[in-house]
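One structure is given here, and the rest of the page talks about it.
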Amino acid sequence: MTVVDIPSGAHTAAHMSGRWLGGRFRLDERISLDDQVSGFSGSRGSSWGARGLSLWKATDQLLNRSVTIYLLPRGPVPSAVTDAVRSAAKVSDPRLATIYDTDFDEECPYIVAEWTPGTHLEDLVLSGLPHPALAAAMIADAADAIAVAHRAGRPHLRLTPRSMRWDNGSGLKITGLGLDDALCGITAGNPPPADGTADGTAADTAALARMLYALLTGYWPGDEPTALPPAPRHKGNVCTPRQIRAGVPAMLDAIAYRGLQGQAADAPLRPQTPAGMAMALRMLQRPSYQLERLESGPVVRPGGQQRARHARARTGSRLRTTLLRPAV
């Protein structure tokens with residue numbers, strides 16, 4: 001976690017460190033907004049940071065556990081934030097970071113949420129690409145969790161590589177359900193209906209497809225600022241995962257690419273939804289199918305496409321892609 005400074009007049013680290021909130025939560029460590037709240041490096045979220053929004057790792061002394069504290073700017077809390085908190089607090093899924101408590105007193109308003117250990121998807125990709133089977137399982141879990149939120153009428157609206165964490169012990173955790181979007185000053189209006197036809201549904205599904213693409217290739221196909229290199233393009237279109245990485249199964253390639261194009265992952269005539277993407281990815285995990293072991297092959301980096309083509313020409317079948325096929 002990165003300790004940061006903020007302008008005078010806001011909640012400074014020196015002033016707030018060690019302070020107790022509600023007689024229960026002790027502020028321990030100031031952390032970077034971008035470490036957990038996606039989008040604050042851009043202009044859309046900068047006003048909140050300048051006004052005094054800060055993020056803390058804290059200790060819940062009553063239950064002896066670490067928590068995340070969103071320390072909001074002094075003054076009235078915008079209705080977009082209070083509405084997002086109330087709706088997100090009603091969604092229950094172990095893969096979604098829980099909101100535990102709030103206090104919207106104008107002198108020192110704050111939100112208490114679950115502390116989420118583990119590695120951001122962005123850092124996970126930068127450290128080395130997972131096997132395609134693991135990538136499919138991770139995004140299937142994420143899609144299942146987002147589908148639960150959508151059925152409760154609460155889209156995420158700001159899924160990025162920084163809002164998903166992976167821990168080898170506890171598994172997947174998604175942070176900032178609805179809250180990240182509200183804090184960054186972008187709202188989708190009314191929550192989407194339960195049938196999943198609102199814009200928030202398509203936005204979250206496309207975001208899941210972008211994260212699947214990143215896990216498969218090491219590139220980011222979206223416009224959001226990340227530490228990942230932008231996805232290679234051919235004739236203006238993003239290359240498919242199979243064009244970049246040897247060994248990506250054909251069906252997994254199709255699911256990721258269809259999602260990027262705003263098409264249904266599971267069937268051409270079905271609406272694009274997180275539930276549909278989860279179902280498509282779960283099909284790959286059935287006993288009747290198997291994702292074969294990833295064959296050795298280069299992960300193409302910027303400027304390395306030509307070298308990769310030469311490598312394939314020299315080594316022949318060693319770099320052929322592995323298709324998804326029925327298990328024998």
Side-chain angles (χ1 to χ4, degrees), residues 1-91 96-116 154-158 160 162-163 174-191 224-225:
M1 300 299 179
T2 306
V3 179
V4 296
D5 294 322
I6 56 176
S8 60
H11 300 300
T12 64
H15 174 67
M16 298 300 294
S17 182
R19 179 172 174 176
W20 290 76
L21 299 178
R24 173 176 176 179
F25 306 106
R26 187 190 67 226
L27 301 179
D28 297 326
E29 181 184 7
R30 177 79 182 277
I31 58 179
S32 168
L33 285 169
D34 267 328
D35 190 75
Q36 191 148 325
V37 184
S38 305
F40 276 85
S41 58
S43 59
R44 287 172 173 172
S46 59
S47 60
W48 272 88
R51 287 174 54 202
L53 173 66
S54 59
L55 195 64
W56 292 78
K57 182 179 182 181
T59 300
D60 180 345
Q61 292 292 309
L62 182 61
L63 298 178
N64 191 29
R65 64 183 177 184
S66 295
V67 294
T68 300
I69 299 285
Y70 298 82
L71 198 56
L72 306 179
R74 294 184 179 92
V77 178
S79 60
V81 175
T82 59
D83 291 345
V85 169
R86 291 190 182 100
S87 60
K90 297 176 182 178
V91 181
L96 298 170
T98 304
I99 293 178
Y100 292 139
D101 197 3
T102 61
D103 188 335
F104 292 142
D105 179 78
E106 293 188 12
E107 181 60 27
C108 188
Y110 62 87
I111 301 166
V112 184
E114 180 180 356
W115 177 253
T116 53
R154 176 68 268 174
H156 191 290
L157 301 173
R158 188 168 282 269
T160 75
R162 290 253 161 204
S163 54
I174 297 173
T175 63
L177 178 68
L179 183 59
D180 283 6
D181 183 71
L183 291 176
C184 289
I186 305 172
T187 59
N190 295 324
E224 301 88 346

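Note that this is a predicted model, so its numbers are computed, not measured.
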How close do F104 and P109 get, counting heavy atoms only, and between which atoms? CA-CB, 3.9 Å

CG of L21 to CG of L27, rounded to nearest 0.5 Å, is 4.5 Å

OH (Y70) and CG (D180) are apart, to the nearest 0.5 Å, by 5.5 Å

Who pairs with E106 by side chain to side chain contact (heavy atoms under 4.5 Å, CB included), at least two apart in sequence or on another chain? P76

Do L183 and L72 have side chains that approach each other closer than 4.5 Å (heavy atoms only, starting at C-beta)? yes

With the side chain counted from C-beta on, respond yes when I31 and W56 share a heavy-atom pair under 4.5 Å apart, and no when they do not. no

Let me confirm one number: the CZ-CG distance from R158 to L177, rounded to the nearest 0.5 Å. 13.5 Å

Atom NE2 in H156, atom OG1 in T175: separation rounded to 0.5 Å? 5.5 Å

Run the side chain to side chain contact (heavy atoms under 4.5 Å, CB included) test against R86 and tell me which residues pass, sequence neighbours left out. T82, D83

Is there a side chain to side chain contact (heavy atoms under 4.5 Å, CB included) between D60 and Y100? Walk through the geometry before answering. CA-CA 10 Å; D60 180 345; Y100 292 139; 5.9 Å; no

What one should report as the nearest heavy-atom pair of V85 and I111 is CG2-CD1, 3.6 Å

Which distance, rounded to the nearest 0.5 Å, do you find between the CG of L71 and the CZ of R19? 7.5 Å

Ignoring hydrogens, what is the shortest heavy-atom contact between A182 and A84? Give both atom names and the distance. CB-CB, 3.9 Å

Which pair of non-hydrogen atoms, one from E107 and one from R74, has the smallest distance, and what is that distance? O-CG, 3.2 Å

Any side-chain heavy atom of L63 within less than 4.5 Å of one from R24? yes

Before you tell me yes or no, could you show the steps for D28 and K57 under salt bridge (charged side-chain N to carboxylate O under 4.0 Å, His left out), namely the whole-Å CA-CA distance, both residues' side-chain angles and the distance that decides it to 0.1 Å? CA-CA 6 Å; D28 297 326; K57 182 179 182 181; over 6 Å; no

